[in-house]
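Here is the naming used below: chain letters follow the sequence lines, and residue numbers restart at 1 for every chain.
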Protein chains: 2
Amino acid sequence: MTARNGRPARTGAVGAEAARERTPGAGGVPGAASGTAHDDTVAGVVRQWRAVHPDLDTAPMEIIGRINRCAALFQQAEDAPLRRAGLSRPEFDLLGALRRTGRELTPSELARETFSSGAAVTKRLKQLTERGLVERRGDPRDRRVAHVRLTDAGRALVDGVLPEQLAYERAALSGLDGEGQGELAALLGELLGRLEGRPGALRI
Amino acid sequence: MTARNGRPARTGAVGAEAARERTPGAGGVPGAASGTAHDDTVAGVVRQWRAVHPDLDTAPMEIIGRINRCAALFQQAEDAPLRRAGLSRPEFDLLGALRRTGRELTPSELARETFSSGAAVTKRLKQLTERGLVERRGDPRDRRVAHVRLTDAGRALVDGVLPEQLAYERAALSGLDGEGQGELAALLGELLGRLEGRPGALRI
DNA sequence: CGGATATGCTTTACCAGTAAAACACCTGTT
DNA sequence: AACAGGTGTTTTACTGGTAAAGCATATCCG
């Protein structure tokens, strides 16, 4: 990750990951009917930090660590259906941007839509073009710019993969009931809205 | 990201990113005193997908897209204090694992703790050793294994950076009030607990 | 004991991303 | 018209990750 784009590259929390050995069925109270049946790894990491630095307020880790860890697990899961379609996630992001906007996009627009660097978009476009999933067209007015669009094959690929992706995501979220999902979406939306609303807010 | 570790590499949601041009102060209802004052990019992306695929249930994107996007923004922010200390996030993760466990760890334990591949740990250890932040010691019983520990300098570095990290995180979360933060942490904890509790749940 | 197999770690070959420079083209100014 | 400077895209050099192969060592079992 650079200053230029906003992509998560690591799972880190605040260095906050513990992959405690899962010994399924051993050691835990067999979960009650409802409630917090399982313990997550982040809780363990935070506990460790608190033991070593009892004076520090570790509350932010409980959120940021979990967000990072969730993102990691989701992405791992989502990779599967994509790989089957022969796509990496960045490639799918690019195709998806074209599909959902429903129009041609220039490389720089694609970079903005996918939060990637221009150079990365260039590379991906090269491959996707070779595979016949996108096409490029020059701009007659301004010969610097290119216009990229999905081919029929590219469009079909996206439309084929998308429902699968969503099914995976739904399955991944099924640990939360409908109400919990709604609350979570709302809270994240509020947080994200404020983060994005003040572009400088994070750079301090 | 591979099957081997669980690190988020992209921001993707379901290819769900829109970097709508921020035209601050234009177009939006000037936010009411409280509530969802800002709109986030994920909402826009989901709207685009719904317009193109009205039949698809896009609800999962609202959560997963936001989790990914938040992770991206947080990590971007957290990179700053680390870079000042001359560390990358994976390096800090490794040092942090040693610090918070408070004991020597083997390379494979470090790989598990930081969700990285063994090869990546080897590389990082090489650099951190050269910089004098960690030390290695062979195991007399089993000469295959190494034991890694923080040097005084490494420990001091972690302890110096950690409060800064936490301050950044606290600032980043300040868009949410205390209650919201608590709820968010709880919801994420529940989701994450279930995701991690059933190792196969995500692979389907 | 001694070979087969497993384990811990490192090496190798490679790939995708980045930052910065390079390139090509446009636009405003004089 | 000519040039300075800006913008859109690609290229270059490099970095850090991965998968898979490669050692060295331990362990199992006849």
Would a distance-only check, ignoring hydrogens and angles, find a side-chain to backbone donor-acceptor pair under 3.5 Å from B:Gln181 to B:Leu176? yes
Of the residues in residues 102-109 of chain B, which ones touch DNA chain C at a heavy-atom distance under 4.0 Å? B:Thr106, B:Pro107, B:Ser108
Take atom CG of B:Asp79 and atom P of C:dT18, then tell me their distance rounded to the nearest Å. 12 Å
Report all interatomic pairs (protein N or O, nucleotide N or O of nucleotides 11-14 of chain D) with separations under 3.5 Å.
none

Could you check if a side-chain atom of B:Val148 sits within less than 4.5 angstrom of a side-chain atom of B:Leu128, using non-hydrogen atoms only? no
Starting at atom CG of B:Leu94, determine the distance to atom C1' of D:dG16, rounded to an integer number of angstrom. 14 Å
Shortest non-hydrogen contact between B:Ala185 and A:Arg66, atoms and distance: O-NH1, 3.5 Å
Over how many whole Å does the gap from A:Asp139 atom CG to D:dG8 atom P extend? 12 Å
Is a donor on one side and an acceptor on the other found under 3.5 Å between the side chain of A:Thr122 and the backbone of A:Gly118? yes
Please report, rounded to the nearest Å, how far the C1' atom of D:dT9 is from the NE2 atom of A:His147. 13 Å
Side chains of A:Thr41 and B:Glu196: is there a donor and an acceptor less than 3.5 Å apart? yes
The criterion is side chain to side chain donor-acceptor pair (under 3.5 Å); which residues satisfy it with A:Arg137, sequence neighbours excluded? A:Glu104
Applying side chain to side chain donor-acceptor pair (under 3.5 Å), name anything that partners A:Asp159, two or more places apart in sequence or on another chain. A:Arg99, B:His53
Donor on one side chain, acceptor on other, A:Glu135 and A:Thr129, under 3.5 Å: no
Contact list (N/O, under 3.5 angstrom) for nucleotides 5-7 of chain D vs protein:
from: D:dG6; atom 1: N2; to: A:Arg144; atom 2: NH1; distance (Å): 2.9
from: D:dT7; atom 1: O2; to: A:Arg144; atom 2: NH1; distance (Å): 2.4

Whole angstrom value for the distance that separates C1' of C:dA16 from CZ of A:Arg83: 12 Å
Measure from CZ on A:Arg89 to C1' on C:dA16 and round the result to the nearest Å. 16 Å
Side chain to side chain contact (heavy atoms under 4.5 Å, CB included) against B:Ala85, all qualifying residues, sequence neighbours excluded: B:Leu157, B:Val161
Side chain of B:Arg124, heavy atoms from C-beta onward: which of D:dG17, C:dC26, D:dG16 has the nearest atom to it? D:dG17
Reading DNA chain D from 5' onward, which residue's closest nucleotide shows up sooner: B:Arg141 or A:Arg136? A:Arg136
Side-chain N,O (B:Ser117) to OP1/OP2 (D:dG17) below 4.0 Å: no
Could you tell me how far apart A:Leu125 (CG) and D:dG8 (P) are, to the nearest whole angstrom? 16 Å
Options C:dC9, D:dT18, C:dC26, nucleotide nearest the side-chain atoms of B:Val145: C:dC9
Using the six-membered ring of A:Phe115, assess whether NZ or CZ of B:Arg69 lies under 6.0 Å from its centre and within 45 degrees of the ring axis. yes
Could you tell me if B:Ser88 and B:Arg83 have a donor-acceptor pair between their side chains, going purely by distance under 3.5 Å? no
What is the separation between atom CZ on A:Arg137 and atom C1' on D:dG8, rounded to the nearest whole Å? 15 Å
What pair of heavy atoms forms the shortest contact from B:Leu195 to A:Ala172, and how long is it? CD2-O, 3.2 Å
